[in-house]
J.: 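Once you've had a glance at the structure underneath, I'll fire off some questions.
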Protein chains: 2
Amino acid sequence: MNEQLQPLKKPTRVGKAGRSGTQDDIVYAHIFEAILEQRLAPGTKLSEEALGEIFGVSRTIIRRALSRLAHESVVLLRPNRGAVVASPTVEEARQVFFSRRMVERAITELAVLHATPEQLNELRLMVREERDSFSRGDRGAGIRLSGEFHLKLAEAAGNAPLISFQRSLVSQTSLIIAQYESGNRSHCSYDEHMQLIDAIEARDAEQAVSLMMHHMDHIDSKLNLDEESASDDLHAVFSHLLQTKKRGGSVSAKG
Amino acid sequence: MNEQLQPLKKPTRVGKAGRSGTQDDIVYAHIFEAILEQRLAPGTKLSEEALGEIFGVSRTIIRRALSRLAHESVVLLRPNRGAVVASPTVEEARQVFFSRRMVERAITELAVLHATPEQLNELRLMVREERDSFSRGDRGAGIRLSGEFHLKLAEAAGNAPLISFQRSLVSQTSLIIAQYESGNRSHCSYDEHMQLIDAIEARDAEQAVSLMMHHMDHIDSKLNLDEESASDDLHAVFSHLLQTKKRGGSVSAKG
DNA sequence: GATTATGCGTTTGTATACAAATAATGCAAA
DNA sequence: TTTGCATTATTTGTATACAAACGCATAATC
């Protein structure tokens with residue numbers, strides 16, 4: 001019955017993701033976190049009733065949470081056909097990265113101007129957590145913390161519209177990584193994150209922006225967005241059939 | 001009973017704002033249009049039941065429309081206290097304009113690269129409509145079309161995340177204009193819009209961006225965001241009591 | 001044998017009923 | 001007259017019931 005929702009495990013503790021908000025905030029945060037940690041794969045069907053049972057709330061709440069996620073383009077809401085985790089196409093991925101470059105540049109410049117020592121401390125703390133997660137082998141948490149770092153940086157910039165936009169972009173980026181990351185090495189982004197904080201603390205705007213732009217380059221150099229621009233949806237469908245577990249070089253050529 | 005919703009008139013024709021979507025799309029579009037045309041003033045209470053009666057749908061639909069509007073920061077959704085049309089503070093207004101500068105620059109550069117002749121034609125058509133509206137004295141429609149011009153330009157740029165962000169920023173800008181515009185002359189933006197299209201058609205990126213930035217300057221030079229930074233909410237409360245209809249110079253001094 | 005039609009089961013869309021929270025009103029006391 | 005409190009009324013939050021749409025499976029027809 002609920003076999004479509006295999007990756008979603010019932011969260012026993014409402015601690016981390018559940019903020020002190022209303023019920024739909026909790027559901028939203030949990031699904032958002034599940035996507036950020038890639039426990040929910042792109043294309044996964046999100047049945048309202050199943051989710052309602054899992055979280056112990058009615059469909060009304062689930063529906064609102066999905067609506068918010070859909071507005072951030074993290075979830076695709078097809079009329080009369082339910083919600084699925086979005087599967088960004090290559091073109092959509094490019095657009096997201098373009099926007100992110102623009103936003104991250106602005107955020108970095110603002111953070112250099114406005115970030116308080118407390119915020120810089122918090123950022124450092126997050127990077128350490130991120131590093132620990134990766135070294136512990138908890139890739140999911142690492143990716144989530146990496147995303148939250150960029151979100152926190154947006155908060156340090158202190159521009160509300162930018163924060164909300166960044167939230168949408170970061171979660172979409174996570175989806176894109178889940179879908180297109182070439183299985184090379186893991187995200188060793190924490191090193192770049194730390195350098196970035198140093199530059200911001202030194203109030204060196206030029207250096208900070210330069211580091212951020214290189215960071216962006218590194219992120220999308222790990223993806224293979226060059227291929228499959230033609231057989232788009234089809235490839236997404238067949239990808240897990242062709243290379244179920246063996247991530248290898250034999251498929252690297254376009255073909 | 002419904003005296004709080006005085007500015008909202010029941011739209012007899014569903015033509016312009018009502019797209020071929022589901023019911024909540026129609027409600028969303030109507031409220032959005034009403035805000036864009038400033039028939040709904042900042043702070044106006046948006047009762048779910050009243051709106052439901054007006055549009056002939058249940059609260060469920062209204063609720064979804066309000067939720068979408070809230071996510072675009074056009075409507076403020078206070079827990080257990082209902083929805084109101086947002087009243088941006090001076091600081092929020094500054095943040096919106098900062099973001100808009102950033103986005104409009106990117107949009108202009110992309111439009112120079114990607115705008116098709118058809119899109120340029122459509123843009124010109126919109127500017128003519130805008131000009132006609134102003135010369136006809138229909139200031140509301142003029143402001144709406146001015147906003148839709150910037151939205152259309154975002155579409156011509158062809159970047160989906162940017163479009164959605166721009167939608168949010170444009171509607172917030174309209175709110176800000178409603179709240180802070182000094183009653184000088186009307187928005188003669190259509191002239192600048194037309195020049196902008198010319199520069200884009202000529203594929204002159206530098207000129208187009210320069211025009212756009214000046215356009216942004218003009219927009220916020222019409223606002224008086226410099227004052228009232230201290231007595232923020234209080235002033236908003238008293239403003240319509242002090243100068244109900246007489247827009248004059250006697251109140252211009254900060255005091 | 002392939003393709004289209006039809007019925008059934010499941011899932012979403014919408015309305016409404018009930019519970020909870022907030023705002024308004026009236027009364028009493030200082 | 002004003003301030004504080006208690007009660008009432010209105011409004012929002014949530015759950016659920018019913019209707020409509022979709023997908024799948026079976027069956028009938030070409």
Side-chain angles (χ1 to χ4, degrees), chain A residues 1-8 10 14 18-31 40 43-71 74-87 233 237, chain B residues 1-8 10 14 18-31 40 43-71 74-87 233 237:
Chain A
M1 188 161 298
N2 56 356
E3 62 207 27
Q4 285 179 311
L5 281 163
Q6 203 73 345
L8 198 157
K10 175 164 185 173
V14 195
R19 302 171 303 186
S20 61
T22 57
Q23 284 184 308
D24 68 291
D25 282 322
I26 297 170
V27 173
Y28 165 84
H30 271 93
I31 300 177
L40 275 173
T44 307
K45 181 91 196 293
L46 299 169
S47 157
E48 295 180 1
E49 197 176 342
L51 287 169
E53 223 168 277
I54 288 167
F55 289 105
V57 295
S58 79
R59 282 176 48 215
T60 310
I61 308 297
I62 302 296
R63 185 164 267 271
R64 277 178 57 181
L66 291 176
S67 177
R68 282 176 64 186
L69 289 163
H71 199 284
V74 172
V75 152
L76 186 63
L77 225 57
R78 304 163 304 175
N80 288 316
R81 296 190 54 205
V84 292
V85 178
S87 325
D233 289 0
V237 171
Chain B
M1 188 163 296
N2 55 356
E3 61 206 28
Q4 285 179 311
L5 281 162
Q6 204 74 343
L8 199 158
K10 175 165 185 172
V14 194
R19 303 171 301 186
S20 62
T22 57
Q23 284 183 310
D24 68 292
D25 282 321
I26 298 171
V27 173
Y28 165 84
H30 272 94
I31 300 178
L40 275 173
T44 307
K45 181 94 196 292
L46 299 169
S47 157
E48 296 180 0
E49 197 175 342
L51 287 169
E53 224 167 278
I54 288 168
F55 288 106
V57 294
S58 80
R59 282 175 48 215
T60 310
I61 309 297
I62 302 296
R63 186 164 266 270
R64 277 179 56 180
L66 291 177
S67 177
R68 282 176 63 186
L69 289 162
H71 199 285
V74 173
V75 151
L76 186 64
L77 225 57
R78 305 163 302 175
N80 288 315
R81 295 190 55 205
V84 292
V85 178
S87 326
D233 289 0
V237 171

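Chain identifiers are assigned alphabetically (A, B, ...) following the order of the sequence lines, protein sequences preceding nucleic acid strands; residue numbering begins at 1 within each chain.
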J.: Partners of A:V84 by side-chain contact (heavy atoms from CB on, under 4.5 Å), sequence neighbours excluded?
T.: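 By the side-chain contact (heavy atoms from CB on, under 4.5 Å) rule, A:V84 matches A:K45, A:L76, A:R78.
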J.: Show, in sequence, the C-alpha distance, side-chain angles and deciding distance for A:I62 and A:E53, and conclude whether the side chain to side chain contact (heavy atoms under 4.5 Å, CB included) test is met.
T.: CA-CA 10 Å; A:I62 302 296; A:E53 223 168 277; over 6 Å; no
J.: If you assign each of B:G82 and A:V57 to its closest nucleotide in DNA chain D, which residue comes earlier from the 5' end?
T.: B:G82
J.: Quickly work out the B:E48 CD to C:dT16 P distance and round it to whole Å.
T.: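 My rounded result for the distance is 15 Å.
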J.: Can you name the nearest heavy-atom pair linking B:S87 to B:G43, along with the distance?
T.: OG-N, 3.5 Å
J.: With a 4.0 Å limit, can you tell me whether A:S58 has a side-chain N or O closer than that to the phosphate oxygens OP1/OP2 of D:dA15?
T.: yes
J.: When you compare the side chain of A:I31 with that of A:L69, does any pair of heavy atoms fall below 4.5 Å?
T.: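 Yes, side chains in contact.
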J.: Once you round it to whole Å, what is the distance between P of C:dT11 and CD1 of A:I62?
T.: 15 Å
J.: Using the test side-chain hydrogen bond (donor to acceptor under 3.5 Å, both in side chains), find all partners of A:T60 that sit at least two apart in sequence or belong to another chain.
T.: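 Checked A:T60 against side-chain hydrogen bond (donor to acceptor under 3.5 Å, both in side chains); matches are A:S58.
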J.: Of all residues at least two apart in sequence or in a different chain, which pass the side-chain contact (heavy atoms from CB on, under 4.5 Å) check with B:A83?
T.: B:L46, B:L66, B:V75, B:L77
J.: Expressed as a whole number of angstroms, how long is the span from A:E53:CD to C:dT11:C1'?
T.: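 Atom CD in A:E53 sits about 14 Å away from atom C1' in C:dT11.
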J.: Starting from P on D:dA15, measure out to CZ on A:R63 and report it in whole angstrom.
T.: 14 Å
J.: Considering only heavy atoms from C-beta outward, does the side chain of B:I26 approach that of B:F55 to under 4.5 Å?
T.: no
J.: Do A:R59 and C:dG13 have a side chain to base donor-acceptor pair shorter than 3.5 Å?
T.: yes
J.: So, is B:K45 close to the D:dT12 phosphate, meaning a side-chain N or O under 4.0 Å from OP1 or OP2?
T.: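 Checking D:dT12 against B:K45, a side-chain N or O does come within under 4.0 Å of OP1 or OP2.
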J.: What integer distance in Å separates A:R64:CZ from D:dA15:P?
T.: 11 Å
J.: Please write out the pairs of protein N or O atoms and N or O atoms of nucleotides 20-23 of chain C separated by less than 3.5 Å, giving the distance to one decimal.
T.:
residue: C:dA23; atom: OP1; partner: B:R81; partner atom: NE; Å: 2.0
residue: C:dA23; atom: OP1; partner: B:R81; partner atom: NH2; Å: 3.1

J.: Please report the end-to-end axis angle for the helix from C:dG1-D:dC30 to C:dA30-D:dT1, five pairs per end, rounded to 10 degrees.
T.: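 Helix axis angle between the two ends: 20°.
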J.: With sequence neighbours excluded, give me every salt bridge (Lys or Arg N to Asp or Glu O under 4.0 Å) pair touching residues 54-63 of chain B.
T.: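 Found B:E48-B:R59, B:E48-B:R63.
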J.: Determine whether A:V27 and A:V57 make a side-chain contact, defined as any pair of heavy atoms from C-beta on separated by less than 4.5 Å.
T.: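 In short, these two side chains touch, coming nearer than 4.5 Å.
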J.: Could you tell me how far apart B:F55 (CZ) and C:dA15 (P) are, to the nearest whole angstrom?
T.: 14 Å
J.: Starting at atom CG of A:D24, determine the distance to atom P of D:dA15, rounded to an integer number of angstrom.
T.: 10 Å
J.: In whole Å, what is the span from the CG atom of A:L51 to the P atom of C:dT10?
T.: 18 Å
